Amino acid sequence: MEDGSSMKKFYIETFGCQMNVHDSEKVIGTLEGTGYAQVPTPEEADLVVYNTCSIRDKAEQKVFARLNEFKRRSKDKVFAVIGCVAQQEGEKIFDRAPHVSLVAGSASYNQLPQMLIQLEAGNKRVTGLSLDGEEAFEVPYTRRDNPHKAFLTIIEGCDKSCAYCVVPMTRGPERSRTSASVLEEARILVKDGYTEITLLGQNVNSYRDPSSMGLDFAKLLRRMGEIDGLKRVRFTTSHPRDFVKDIVDAVDENPVLCNHIHLPVQSGSTAVLDRMQRQYTRDEYMRRIEWMKNAKRDIAITSDIIVGFPGETEADFDQTLRLLDEVQYDGLFAFKYSQRPNTPALQYEDHMTEEEKGRRLAAVQEHQRQIQIPNNAAYIGRVEEVIVDGYNKATQQWLGKNTQNKTISFTHPLMPNNEEGASLEGRYLNVRVTRSGPASLGGEAVI
Ligand code: 5AD
Ligand code: SF4
């Protein structure tokens, strides 16, 4: 065992989605496997890693802001830019931030140890930008911080070509992992004490087992639901075009499969959906919503919306607001359209002012808020099973999530840091809901 003080130290900061968060877990595991130790601040580190997101311009700018903060101060540090901005910008990052030494996209993380060896051997600039990284799933080490909830990648990349989106470029074409490998990792996770697994992919619905088993996504979900000891299975993210009724049926039949589905719609106007190249109409999307509404279980539905896509008229935007009324989403992520490099939407000319986009964003958010207030109030009096995530010192309440992924804060006689050293974290408890707000539920543990 190496002495801690002589070990090389790394700091990592992660931007973006759950895929990126999980990728960072793989990177942390890989770095630890090569003899690096993680430290909590960049100041203490020899190697500073930024795992980046380029979904919107703002996300991309963040990493360059971080890199500039260190420009002069840190001559002795090695900087690495990995993830989606790395894949998108490639060697251009060296021009914009000459103190960066390593640039790697997500398909190359299994080669990080070799890249580090090259750096240590005196190479000033190392890249990993190939996109045919079949083995990206099979990184030998993964370091998960949460001991109860785990992410598990089932499919990498995306074969769609939504007109606004960089992901097909930053994460490459779709590659599904074999069901045997997915189920094996899931069983190991359960043996290690995890009770909740979130299956990850840019489009999990187009999962197709490459082995002779040939399972589709719904069948994989059913197999996941049969694993002994697993309490909750989630998945994200879904694409309406590939979302089939069998997925709803699987969720309906098996309580281990959480009754929450994130099904991004992006717009309520068929004309805008068409220009976005989403491959479904408003009516086709609503049919999928009907499947969920007609299920026996109370399936929570959430979505993503982009406002201000080029050419979105006031009438198109109004269709989005009407769609929110019809669906009654449990939660919504709304974004202003942001122009991204190399995307098909750049060809459109009728771009909207930032001010108008801002107005529409605020309107859509307020509209959704008004929907959530009564819907959350309807939970009052219900008893919900939550997995406990932690304790909020400011409110002196515990925090947990129900199967629908709603956060519930609640009181419980057990305080954290108690004398017995007992913790509620990771436990499943029943909570009676007594309070609600536009984005939250509150209550007390049923003892
Ligand atoms: N501008 C704004 N929002 C975007 N999203 C993806 N690309 C863009 C873009 N160029 C949003 C979509 C997607 C979510 C992850 O981010 O709503 O579902
Ligand atoms: Fe950001 Fe998309 Fe990359 Fe996730 S996949 S980090 S959301 S650009």
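Whatever order the structure lists them in is the order used to number ligands and atoms, beginning at 1. Note that the coordinates shown come from a computational prediction; the quantities given were computed from them, not determined experimentally.
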Shortest protein contact, [atom] (heavy atom only):
| atom | answer |
| --- | --- |
| atom 17 (O) of ligand 1 | Gln266 OE1, 2.7 Å |
| atom 14 (C) of ligand 1 | Asp304 OD2, 3.4 Å |
| atom 2 (C) of ligand 1 | Lys336 O, 3.2 Å |
| atom 1 (N) of ligand 1 | Ser338 N, 3.0 Å |
| atom 11 (C) of ligand 1 | Arg56 NH1, 3.3 Å |

Side chain, backbone, both or neither: Ile55 near ligand 1, heavy atoms under 4.0 Å: both
Structural part of Tyr164 in contact with ligand 1, heavy atom criterion under 4.0 angstrom: both
Residues, nucleotides or ligands: over 12 heavy atoms within 6.0 Å of Gln114 CD: yes
Residues His262 and Asp304: side-chain donor-acceptor under 3.5 angstrom: yes
Test item: side-chain donor near acceptor, Ser24 and Thr14, under 3.5 Å: yes
[Y] ring centre to [X] NZ or CZ under 6.0 Å, with the angle to the axis within 45°?
| X | Y | result |
| --- | --- | --- |
| Arg56 | Phe335 | yes |
| Arg96 | Phe64 | yes |
| Arg288 | Phe243 | no |

Polar proximity ligand 1 side, Tyr337 side, N/O cut 3.5 Å exclusive: no
Positive for side chain to side chain donor-acceptor pair (under 3.5 Å) with Tyr164, one of Gln277, Gln339, Arg278: Arg278
Stepwise side-chain contact (heavy atoms from CB on, under 4.5 Å) test for Thr403 and Glu385: CA-CA 7 Å; Thr403 162; Glu385 186 185 52; over 6 Å; no
Aromatic plane relationship, Tyr337 with His351 - under 30° parallel, 30 to 60° tilted, over 60° perpendicular: parallel
Under 2.8 Å from atom 4 (Fe) of ligand 2, the protein N, O or S atoms, given as residue and atom: Cys17 SG
Flag, side chain of Asn20 to backbone of Gly16, donor-acceptor distance under 3.5 Å: no
